[in-house]
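See below for the structure under consideration.
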Amino acid sequence: AELTLAGEVKEYTLRTPVDAPLALADVPTLRIAELGLTTGDAAQMRIGVWDNDEISGSKPGWTASFQVRVEGARGRREQQQQLQAELLVALIPVLADFLVDGDPVATTVAGIRAYGETADARYAKFDLLAETVLGGPPARIVEDVSAARRDLVAFARSLRSDTINPKDASRLAALHAENVETLETAVWTLDQLQRLAASREVLKLVKELAKEAGELRDDLPKLTDAQALARLDQLDRLWKQIALQAKKLDAGGIRDFLFSRGAELEGAMAAARRDIAKGDDPAAKRDMERVAQLLEEMAGGVEESRKRQTGSGDEHRKETDAVRAELEALANDQPALRKKKQA
């Protein structure tokens, strides 16, 4: 194996046969640590095999170069969340197209066959994303959506008679309805997964922001004006990240609480910035006391709101785990999931 990292090329021996076999099949393994890689590294790699030609000499054959990226647990989670978001964006227009189809979708066999081609083409963007899915919740979504799509398109393409008989018309309508229902379930599930991830991220960021504000309040007497303003800018950037994540949450509850306190928080940070710029240290300290207090209240309020939504204490943890397990199973029990979506 040949690994290129930051311009440096290293070679690793995967296997050296003790004899001269005519064919060799193997699935060698290399640990990340053996390659000298750590979390965040991205390297190019290719695999070479040398033949056992004793006449003209051994010659290598190389695979195409491919990238190896060490993501770590957080990186994999972020990558999966990004893929889920992209799948949601890809499937919403597909669902919309099926919802506005005529009833029936066509009145002639030729029209139905043409409809099958049109329906299949709607999934072009979804197909590109599906090729990158390796496992987890997205894999089940791809499987369910692909199965319903395949049944509908295959039936539309299979019609060969000159006229549409009632049985075929009924079957086509049922497959179309099943396809719409599958797309609705996929969109709903992806949306719930996004909201669940956003809720966790909001709580993490608010706690981080509260900690940073408390440290700035305590450090303020030791900082120059420029340092204090730079730290305030950092708080402002964190708040903008929180506001962005909060937009993904359901209206009401945590979202409304955050935005109602957010206006007051922005006002307190603006006052702190003005007083620091004026050199009014006592006023700036009072402003930062208010910022820290608001953020501590915000962190407590977000956590309490999450607990109210799913219970408290042990019950909160149990129900949160149950919700996560249900969403990540992605419709192992399709009827139950559909009922929940419609509730």
Side-chain angles (χ1 to χ4, degrees), residues 80-197 248 250 323 325-343:
Q80 186 176 76
Q81 289 172 0
Q82 178 63 28
L83 178 57
Q84 288 168 181
E86 291 175 0
L87 280 170
L88 178 60
V89 170
L91 285 177
I92 287 174
V94 179
L95 173 60
D97 285 343
F98 278 105
L99 287 174
V100 297
D101 279 337
D103 184 18
V105 297
T107 56
T108 66
V109 171
I112 290 176
R113 288 203 293 267
Y115 170 77
E117 301 303 323
T118 299
D120 199 37
R122 293 171 179 174
Y123 293 85
K125 188 173 181 180
F126 169 81
D127 288 339
L128 292 175
L129 294 170
E131 293 176 357
T132 68
V133 173
L134 298 177
R140 184 57 189 267
I141 285 180
V142 169
E143 179 184 338
D144 290 346
V145 169
S146 298
R149 163 204 186 174
R150 185 170 54 248
D151 290 345
L152 173 65
V153 173
F155 181 80
R157 289 170 172 170
S158 70
L159 295 179
R160 290 290 181 269
S161 60
D162 294 331
T163 58
I164 304 173
N165 61 54
K167 183 179 178 180
D168 287 341
S170 176
R171 176 61 175 159
L172 180 63
L175 288 171
H176 185 275
E178 182 179 338
N179 194 62
V180 167
E181 191 172 12
T182 300
L183 286 167
E184 288 176 337
T185 299
V187 167
W188 178 83
T189 305
L190 285 166
D191 181 67
Q192 294 303 305
L193 285 168
Q194 291 297 296
R195 292 177 191 276
L196 185 63
K248 301 176 184 178
D250 290 319
V323 170
E326 178 184 357
L327 290 174
E328 290 179 352
L330 283 180
N332 279 334
D333 183 359
Q334 283 286 333
L337 189 59
R338 288 166 182 159
K339 285 180 182 178
K340 187 167 185 177
K341 170 176 66 65
Q342 295 165 358

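When each of T182, D120, D144 is paired with R149, the side-chain hydrogen bond (donor to acceptor under 3.5 Å, both in side chains) condition holds for D120 and for no other.
E117 and R157 make their closest contact through OE2-NE, 2.7 Å (heavy atoms, listed as atom of the first residue, atom of the second, distance). Of all the heavy atoms in V109 and R160, the pair that sits closest is CG1-N, 4.4 Å. The two residues A186 and I141 come nearest to each other via the heavy atoms CB-CG2, 4.0 Å. Shown here for A106 and G111, the closest heavy-atom pair between the two residues is CB-C, 3.5 Å. For the pair R122 and D101, the tightest heavy-atom approach, listed with the atom from each and the gap, is NH2-OD1, 2.8 Å. Across all their heavy atoms, G116 and A156 have their closest contact at CA-CB, 3.8 Å.
Rounded to the nearest 0.5 Å, atoms OG1 (T189) and CD (Q194) are 12.0 Å apart. How far CG of D103 is from NE2 of H176: 8.5 Å, rounded to the nearest 0.5 Å. The CD atom of E178 sits 11.0 Å away from atom CG of L183, with the distance rounded to the nearest 0.5 Å. A distance of 6.5 Å separates CG in L152 from CG in L172, rounded to the nearest 0.5 Å. How far CD1 of I164 is from OG of S170: 12.5 Å, rounded to the nearest 0.5 Å.
Ring orientation note: the planes of Y115 and F98 are nearly perpendicular, at an angle over 60° on the 30°/60° scale.
Proximity of P138 to L87: side-chain heavy atoms (C-beta onward) are separated by under 4.5 Å at one or more points. The closest side-chain heavy-atom distance from D168 to F155 is below 4.5 Å. In this structure the side chain of L95 reaches within 4.5 angstrom of the side chain of V180, judged on heavy atoms. Counting heavy atoms from C-beta on, the side chains of K125 and V94 never come closer than 4.5 Å. Contact check for T163 versus T108: no side-chain heavy atoms found under the 4.5 Å cut-off.
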*Yes or no on side chain to side chain contact (heavy atoms under 4.5 Å, CB included) for E143 and R140, after CA distance, side-chain angles and deciding distance?*
CA-CA 5 Å; E143 179 184 338; R140 184 57 189 267; 4.0 Å; yes
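A donor-acceptor pair under 3.5 Å is formed between the side chain of T132 and the backbone N or O of L129. Remark: the backbone N or O of V142 is paired with a side-chain donor or acceptor of S146 at under 3.5 angstrom.
By the salt bridge (Lys or Arg N to Asp or Glu O under 4.0 Å) test, D97 is found to be paired with no residue, residues two or more places apart in sequence or in another chain being considered.
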